[in-house]
Trainee: 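The structure that follows is given in the form of structure tokens.
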Amino acid sequence: MKKIKHIFQMILQKISAFMDTPFFAILFAAVELFSYYMGLDLVIILFVSISLTFAALFKKNLNVLLIIFFFMSSMISYNNSPANTFDWNNNQYYFQPGVFIPCIIGAAIPISIIIVRSIMNIVKKRIKFNAVFFSVIALGVAFLINGNFTSPYNPANLMFGVFMLFFFVILYFGVAPDVSVNSDNILNICRSVAIYAIVPVVETIVIFIKGFAKGLPFADIRTFYGWGNENTVGMLLVVIFCFLLYLFRYEKNLLLKGLSHLMGLLVFICVILIVSRQAYLFLAALIGAYLLLLIITSKGKTRIKSIIFLSVLAVAGIASIIILENDGVLQVLGIDFDNGGRFELWTLTFDSFVEHPIFGGGFYFLGGDPVIKLDSVMPLCCHNTLFEMLGACGIVGLLCYLTYRTFTVICIVKNFTKEKLYPIMGLSVMVLMSLIDIHILDLLGSALYIMLLAMSMSPKANDIKTEETKVITQE
């Protein structure tokens with residue numbers, strides 16, 4: 001019996017160690033691309049579920065959840081997507097019992113484990129009862145009571161509030177104590193993210209190859225992936241680029257360094273191709289800020305090579321934007337750079353606040369089918385986190401969010417290390433992009449956001465050792 005137990009433990013250790021390597025990301029990318037192009041969404045969904053379940057049950061360090069959540073955000077295929085973004089797809093794939101039931105079970109198991117982990121972390125005081133803790137709890141309560149006292153009350157508001165409570169509160173408490181970013185693991189984290197980049201890059205390039213092969217003009221090639229549109233993909237590409245910046249600067253292996261630069265170039269090209277205005281803006285800001293950082297802090301050949309590479313990208317990006325902003329070119333391409341109706345949405349949001357100032361009009365105040373379907377769980381959002389909280393959750397919700405944001409930023413600054421710069425940049429991209437979109441309030445995007453937040457706020461290595469010493473002493 002002891003021998004069997006020993007063998008079982010050895011297997012668990014081998015799998016756990018494998019998940020912390022870039023080879024796990026390679027396997028994940030292969031499964032996801034195979035599922036995407038074969039229309040076998042259930043395969044990747046169950047692979048995600050099994051990976052999450054194993055990590056939540058057996059892994060001491062949960063950094064791998066970042067990679068899993070990256071892949072999870074892009075697991076719905078174009079062929080099977082129930083989304084009605086372009087009114088062309090009435091696919092019933094996800095509503096077949098043979099798919100729907102396994103999906104529910106596949107989601108329920110890891111969610112249940114994470115809920116238990118969250119409770120145990122609080123009970124065992126692995127979560128500090130500090131300002132961050134209470135601000136997270138307050139935000140969760142604000143999510144739950146969104147739209148209270150509106151007449152008639154839409155029950156879908158409570159449903160979406162529960163979803164947000166799970167991501168922002170339960171998932172955070174469930175993973176935060178077991179996430180760390182330091183000099184020992186940051187390289188593999190960034191390599192794994194670079195490997196994930198293969199998925200959106202391949203899918204983007206294939207979309208344009210197919211479009212041009214059909215003789216379609218640039219503007220008629222729809223960058224819809226099943227799991228998101230150009231802005232969703234643009235956000236992910238810019239977040240990915242944050243981690244590639246680490247490899248540009250610190251990767252020692254010459255082959256892998258060259259591949260990281262190639263991936264950076266491909267990510268950059270894809271951002272240009274998808275014509276996401278917010279991705280243009282934030283990638284340009286990211287490259288500019290990091291160039292300034294390199295000029296100030298780096299030395300020698302690394303500094304020169306990185307500056308040259310990023311400068312070339314910056315010049316190419318500026319040239320591309322100038323070309324696209326040229327009226328004549330815009331007319332040829334059929335592209336219209338307007339505000340996308342955001343100003344009108346923000347006006348409607350403020351009207352909702354005026355009508356329901358305390359608890360807001362609820363997340364569905366702008367509309368959206370309250371019936372629980374995969375294509376209508378998401379309410380119509382106003383594409384700005386602050387306005388969303390104001391309109392949906394009232395002044396109570398906005399104050400809770402601002403308090404939460406303030407204390408999380410303070411914690412990030414307090415625990416800053418140079419290794420955490422890259423997840424912090426990724427987190428900043430998501431948070432700031434959500435001022436013109438819905439990324440951190442998007443269901444799958446919320447999971448990725450929480451992992452970036454947990455990594456950015458994780459204690460310094462010496463603080464972790466101090467806490468471990470205290471536990472040993474108490475025992």
Side-chain angles (χ1 to χ4, degrees), residues 5 8-9 11-13 15-20 24 45-73 75 100-130 132-144 158-180 372 377 404 408 411 440 443-455 457-459 464 467-468 470-472 474-475:
K5 183 179 180 181
F8 181 68
Q9 288 177 339
I11 293 172
L12 292 181
Q13 289 173 2
I15 296 173
S16 180
F18 172 73
M19 292 177 74
D20 289 329
F24 177 63
I45 289 170
L46 293 181
F47 191 75
V48 167
S49 175
I50 292 168
S51 300
L52 279 174
T53 300
F54 183 92
L57 279 176
F58 300 115
K59 285 190 63 61
K60 293 181 180 179
N61 186 291
L62 295 179
N63 286 349
V64 70
L65 293 189
L66 177 71
I67 305 306
I68 295 174
F69 289 154
F70 263 116
F71 283 103
M72 189 174 78
S73 66
M75 63 185 178
F100 183 75
I101 294 173
C103 285
I104 294 298
I105 295 172
I109 293 173
I111 286 173
S112 300
I113 296 169
I114 289 170
I115 290 172
V116 172
R117 284 186 69 106
S118 179
I119 295 170
M120 294 305 297
N121 284 340
I122 294 173
V123 170
K124 292 182 177 181
K125 297 182 179 179
R126 300 187 70 221
I127 299 288
K128 292 182 180 180
F129 293 168
N130 54 17
V132 172
F133 173 85
F134 290 108
S135 68
V136 170
I137 293 293
L139 182 63
V141 173
F143 283 138
L144 285 180
L158 178 60
M159 174 197 72
F160 194 76
V162 170
F163 288 150
M164 291 296 99
L165 174 74
F166 172 77
F167 288 113
F168 280 75
V169 181
I170 296 173
L171 178 60
Y172 175 74
F173 288 155
V175 304
D178 300 298
V179 170
S180 62
I372 302 177
V377 167
Y404 161 82
T408 52
C411 184
I440 69 170
L443 296 178
L444 298 182
S446 299
L448 180 60
Y449 157 76
I450 288 300
M451 271 308 296
L452 290 170
L453 179 69
M455 285 182 158
M457 293 173 61
S458 60
I464 294 172
E467 289 297 321
E468 290 175 348
K470 287 180 181 178
V471 172
I472 294 171
Q474 288 171 0
E475 291 176 349

Trainee: Nearest heavy-atom pair of Ser180 and Asn63: which atoms, and what distance?
Mentor: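 Nearest heavy atoms, Ser180 then Asn63: O-ND2, 2.6 Å.
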
Trainee: CG of Leu12 to CG of Leu57: how many Å apart, nearest 0.5 Å?
Mentor: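 Rounded to the nearest 0.5 Å, the CG-CG separation comes out at 9.5 Å.
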
Trainee: Does Asp178 come within less than 4.0 Å of Lys59, counting only side-chain N to carboxylate O?
Mentor: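 Salt bridge absent between Asp178 and Lys59.
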
Trainee: How about Arg117 and Leu62: do any of their side-chain heavy atoms sit closer than 4.5 Å?
Mentor: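 Yes, side chains in contact.
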
Trainee: Rounded to the nearest 0.5 Å, how far does CD1 of Ile170 lie from CE of Met164?
Mentor: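 Between Met164 CE and Ile170 CD1, I get 12.0 Å after rounding to 0.5 Å.
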
Trainee: If I compare all heavy atoms of Cys411 with all of Val132, which pair ends up nearest, and what's the gap?
Mentor: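 It is CB-CG2, 4.1 Å.
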
Trainee: With ring-ring contact (aromatic ring centres under 6.0 Å, His included) as the test, pick out the partner of Phe143 among Phe163, Phe168, Phe160.
Mentor: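 Running ring-ring contact (aromatic ring centres under 6.0 Å, His included) over Phe163, Phe168, Phe160 with Phe143 returns exactly one hit, Phe168.
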
Trainee: State the CG-CZ distance between Leu52 and Phe47, to the nearest 0.5 angstrom.
Mentor: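 Leu52 CG to Phe47 CZ: 11.0 Å, rounded to 0.5 Å.
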
Trainee: Check Ala447 against Met72 and note the closest heavy-atom contact, atom names and distance.
Mentor: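 Taking every non-hydrogen atom into account, CB-CE, 3.8 Å.
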
Trainee: Report yes if some heavy atom in the side chain of Phe166 is under 4.5 Å from a heavy atom in the side chain of Ile114; otherwise report no.
Mentor: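 Phe166 vs Ile114: side chains touch.
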
Trainee: If you round to the nearest 0.5 Å, how far is CG of Leu448 from CG of Leu453?
Mentor: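 Result: 11.5 Å between the selected atoms.
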
Trainee: Ignoring hydrogens, what is the shortest heavy-atom contact between Phe173 and Asn121? Give both atom names and the distance.
Mentor: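 Closest approach of Phe173 to Asn121, heavy atoms only: O-ND2, 2.9 Å.
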
Trainee: Would you call Thr53 and Ile113 a side-chain contact if the rule is heavy atoms closer than 4.5 Å?
Mentor: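 Side chain of Thr53 against side chain of Ile113, heavy atoms only: contact under 4.5 Å found.
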
Trainee: Indicate yes or no: at least one non-hydrogen side-chain atom of Leu171 is less than 4.5 angstrom from one of Ile111.
Mentor: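 No, side chains not in contact.
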
Trainee: Could you grab the distance from atom CD1 of Ile119 to atom CD1 of Ile127, nearest 0.5 Å is fine?
Mentor: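 Taking CD1 in Ile119 and CD1 in Ile127, the distance rounds to 12.5 Å.
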
Trainee: Only counting residues at least two apart or in another chain, list the ones meeting side chain to side chain contact (heavy atoms under 4.5 Å, CB included) with Val116.
Mentor: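 With sequence neighbours excluded, Val116 shows a side chain to side chain contact (heavy atoms under 4.5 Å, CB included) to Met120, given in chain and number order.
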
Trainee: Atom OG1 of Thr408 and atom OH of Tyr172: how far apart are they, to the nearest 0.5 Å?
Mentor: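 That separation rounds to 8.5 Å.
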
Trainee: Is a side-chain N or O of Ser446 found less than 3.5 angstrom from the main chain of Ile440, in a donor-acceptor match?
Mentor: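 Side chain of Ser446 to backbone of Ile440, a donor-acceptor pair under 3.5 Å: yes, one is there.
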
Trainee: Would you indicate whether the side-chain heavy atoms of Phe54 and Ser16 approach each other to under 4.5 Å?
Mentor: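 When only atoms from C-beta onward are counted, Phe54 and Ser16 do touch, with a gap below 4.5 Å.
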
Trainee: Provide the closest heavy-atom pair for Val179 versus Ser458 in the form atom of the first, atom of the second, distance.
Mentor: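 Between these two residues, the closest heavy atoms are O-CB, 3.3 Å.
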
Trainee: Shortest non-hydrogen contact from Ala55 to Leu65?
Mentor: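 Ala55 and Leu65 have their closest heavy atoms at CB-CD2, 4.0 Å.
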
Trainee: Ring-plane angle category for Phe133 and Phe129, please: parallel below 30°, perpendicular beyond 60°, tilted otherwise.
Mentor: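 Judged by the thresholds at 30° and 60°, the geometry between Phe133 and Phe129 is tilted.
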
Trainee: Are the side chains of Asp20 and Phe24 in touch, meaning some heavy atoms are under 4.5 Å apart?
Mentor: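 Of all side-chain heavy-atom pairs linking Phe24 with Asp20, none is under 4.5 Å.
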
